[in-house]
Protein chains: 2
Amino acid sequence: MSDTYHHGNLREALIEAGIRIINESGENALSLRKVAAACEVSHAAPYAHFKDKNELIEAIKMSVTEQLMCELEDAIKSAANSESAIVGMGKKYVSFFLKNPDYFKFLFRRQNITAHLKTDEKTDDDYPPFVLLKKTYLKYLKENRIEKNKKEQEVELLKIWASAHGLAAIACMSGVIPSFDWDEMLEGDDLLR
Amino acid sequence: MSDTYHHGNLREALIEAGIRIINESGENALSLRKVAAACEVSHAAPYAHFKDKNELIEAIKMSVTEQLMCELEDAIKSAANSESAIVGMGKKYVSFFLKNPDYFKFLFRRQNITAHLKTDEKTDDDYPPFVLLKKTYLKYLKENRIEKNKKEQEVELLKIWASAHGLAAIACMSGVIPSFDWDEMLEGDDLLR
DNA sequence: TATAATAACTTTACATTGTCAAGATTGGAG
DNA sequence: CTCCAATCTTGACAATGTAAAGTTATTATA
């Protein structure tokens with residue numbers, strides 16, 4: 001009857017609507033029915049594209065992660081060498097989540113514990129930003145002819161990673177910290193090295 | 001009629017039941033009604049002790065944080081000096097959440113934990129583990145007669161904190177980097193210094 | 001091109017959940 | 001003992017996730 005029976009691009013529209021809702025009202029306001037309503041489809045329409053709510057959430061996560069990856073790649077491009085690329089990535093990582101605190105809480109929260117039990121052979125390759133950091137780090141070692149064994153590499157990589165991720169976590173989870181000037185803090189090179 | 005109309009200690013029982021449910025089935029399985037049922041009271045009974053679900057969650061958070069604080073204080077006690085106390089705290093912090101990954105996701109899911117990072121500020125709202133670290137850090141500076149201005153102190157404290165918190169985050173968050181041997185990693189002194 | 005198959009969507013239905021309101025029960029202060 | 005406030009129950013309601021069955025449009029196929 002109506003030519004709008006089929007949305008045409010509902011899957012993407014649902015993801016975008018989901019992101020909008022998270023940004024406007026936080027993750028706890030994200031419901032399948034609201035997302036569906038935002039796309040002007042019935043409340044069960046999403047089930048044609050996602051198995052359940054968790055699958056929609058995973059898709060949104062992927063979309064947000066892609067955004068982050070773009071910024072990280074920009075940071076690498078505008079760095080003189082791979083050492084400053086690492087620092088630049090760290091800053092970008094923190095500032096990205098500082099700009100979108102809801103994204104952090106949303107991304108790093110396991111929705112369904114049982115959903116992850118199947119794929120227990122997860123590797124670090126699962127999280128693209130970490131893969132990018134690892135690549136940049138290895139390039140840095142090579143560029144500066146630094147010899148380290150696997151273990152030492154792992155530890156150092158982990159330290160760099162924890163530093164950036166930890167800062168982002170603190171910045172986003174601690175609520176508003178008016179007394180602390182994050183922008184200024186990120187100006188210096190000291191913090192993430 | 002029945003002598004069990006009044007539970008007697010329902011508030012504490014609800015908190016304990018909540019913790020049990022989180023440990024057994026994850027946070028997403030935590031519902032007011034299930035917690036009430038676990039205590040064998042009606043579904044609306046919790047409202048005599050908590051304004052809403054969020055208040056129960058906050059109470060559970062406080063309880064878990066107290067557990068963590070006990071372990072952190074133990075770590076300080078068994079350290080030779082305040083420098084090794086800082087390292088010990090970091091290890092304890094990570095291993096605590098490594099032992100109880102659900103606690104991490106649960107504690108840092110919402111915004112209410114506020115860490116005021118200004119060194120000279122002290123509020124009741126402070127996140128207790130951070131306050132303890134700050135105290136230990138200042139003692140360390142004094143003990144070793146290290147002169148640093150406020151800004152330098154803030155940055156260093158933040159780095160230590162981010163390191164520990166970031167490691168815990170990575171260790172607990174789903175599938176980010178599960179391929180590391182965390183126990184062995186925490187054996188060395190290198191990681192958190 | 002006609003028709004069958006399939007994907008996309010709607011409607012209906014139901015269980016779970018958070019929360020409120022009104023009432024029942026009980027311990028304790030006076 | 002009496003009354004009050006705290007505690008708990010019952011019943012209700014709206015929001016939500018999700019399953020089932022039916023409807024419509026698109027696509028494939030003959």
Side-chain angles (χ1 to χ4, degrees), chain A residues 1-22 24-61 102 105-106 109-118, chain B residues 1-22 24-61 102 105-106 109-112:
Chain A
M1 177 175 108
S2 74
D3 55 328
T4 58
Y5 192 101
H6 281 87
H7 184 283
N9 198 20
L10 183 56
R11 206 194 120 94
E12 295 308 311
L14 289 168
I15 293 173
E16 277 181 33
I19 291 177
R20 209 177 320 123
I21 289 176
I22 289 171
E24 283 167 7
S25 323
E27 185 197 348
N28 44 352
L30 184 78
S31 82
L32 268 183
R33 290 172 108 106
K34 267 186 218 146
V35 172
C39 297
E40 291 176 317
V41 291
S42 78
H43 63 264
Y47 284 85
H49 301 275
F50 304 101
K51 191 177 123 269
D52 53 15
K53 186 184 181 183
N54 198 55
E55 261 200 6
L56 169 61
I57 286 176
E58 287 305 316
I60 296 177
K61 277 185 185 172
D102 281 322
K105 281 170 277 169
F106 174 67
R109 174 181 159 213
R110 180 153 46 178
Q111 267 303 303
N112 199 348
I113 292 167
T114 52
H116 278 262
L117 287 180
K118 299 169 194 171
Chain B
M1 182 175 109
S2 75
D3 54 327
T4 58
Y5 193 102
H6 281 89
H7 183 283
N9 197 20
L10 183 56
R11 204 194 122 94
E12 294 309 312
L14 289 168
I15 292 174
E16 277 181 33
I19 291 177
R20 208 176 321 122
I21 289 176
I22 289 171
E24 283 166 8
S25 322
E27 186 198 347
N28 46 349
L30 183 78
S31 80
L32 268 183
R33 290 171 106 107
K34 268 188 216 144
V35 172
C39 296
E40 292 175 317
V41 291
S42 78
H43 63 264
Y47 285 85
H49 300 275
F50 304 102
K51 188 178 125 270
D52 53 16
K53 187 185 181 182
N54 199 54
E55 261 200 5
L56 169 62
I57 287 177
E58 287 305 314
I60 296 177
K61 276 185 185 172
D102 281 323
K105 282 169 279 168
F106 172 68
R109 204 175 89 79
R110 283 155 205 249
Q111 273 181 308
N112 306 49

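The sequence lines fix the lettering, A, B, ..., with proteins before strands; numbering per chain opens at 1.
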Separation of dG18(C) atom C1' from I57(B) atom CD1, nearest Å, is 11 Å
Taken to the nearest 0.5 Å, the spacing of R11(A) CZ from I15(A) CD1 works out to 4.5 Å
When you compare the protein's N or O atoms with those of nucleotides 16-19 of chain D, which come within less than 3.5 Å of each other, and at what distance?
{"from": "dT16(D)", "atom 1": "OP1", "to": "K34(A)", "atom 2": "NZ", "distance (Å)": "3.3"}
{"from": "dG17(D)", "atom 1": "OP1", "to": "L32(A)", "atom 2": "N", "distance (Å)": "3.4"}
{"from": "dG17(D)", "atom 1": "OP1", "to": "K53(A)", "atom 2": "NZ", "distance (Å)": "2.9"}
{"from": "dG17(D)", "atom 1": "OP2", "to": "L32(A)", "atom 2": "N", "distance (Å)": "2.8"}
{"from": "dG17(D)", "atom 1": "OP2", "to": "R33(A)", "atom 2": "N", "distance (Å)": "3.4"}
{"from": "dG17(D)", "atom 1": "N7", "to": "R33(A)", "atom 2": "NH1", "distance (Å)": "2.5"}
{"from": "dG17(D)", "atom 1": "O6", "to": "R33(A)", "atom 2": "NH1", "distance (Å)": "2.8"}
{"from": "dT18(D)", "atom 1": "OP2", "to": "Y47(A)", "atom 2": "OH", "distance (Å)": "3.2"}
{"from": "dT18(D)", "atom 1": "OP2", "to": "K53(A)", "atom 2": "N", "distance (Å)": "2.9"}
{"from": "dT18(D)", "atom 1": "O5'", "to": "Y47(A)", "atom 2": "OH", "distance (Å)": "3.3"}
{"from": "dT18(D)", "atom 1": "O4", "to": "R33(A)", "atom 2": "NH1", "distance (Å)": "3.2"}
{"from": "dT18(D)", "atom 1": "O4", "to": "H43(A)", "atom 2": "NE2", "distance (Å)": "3.3"}

*For dA7(C), does OP1 or OP2 lie under 4.0 Å from any side-chain N or O of H49(A)?*
no
### Message
With a sphere of 6.0 Å drawn around CD of E40(B), does it hold more than 12 non-hydrogen atoms of other residues, nucleotides or ligands?
### Response
no
When you measure from the side chain of K53(A) to the backbone of L30(A), do you find a donor-acceptor pair of N or O atoms at a distance under 3.5 Å? yes
In whole angstroms, the gap separating P of dG18(C) from CG of N28(B) amounts to 12 Å
On a heavy-atom basis, the closest approach of E27(A) and I22(A) is CA-CG1, 4.3 Å
Given the options D52(B), I60(B), N54(B), L56(B) meets side chain to side chain contact (heavy atoms under 4.5 Å, CB included) only with I60(B)
To the nearest angstrom, the CZ-C1' distance between F50(B) and dG18(C) comes to 15 Å
Given the options N9(A), L14(A), L10(A), E12(A) meets side chain to side chain contact (heavy atoms under 4.5 Å, CB included) only with N9(A)
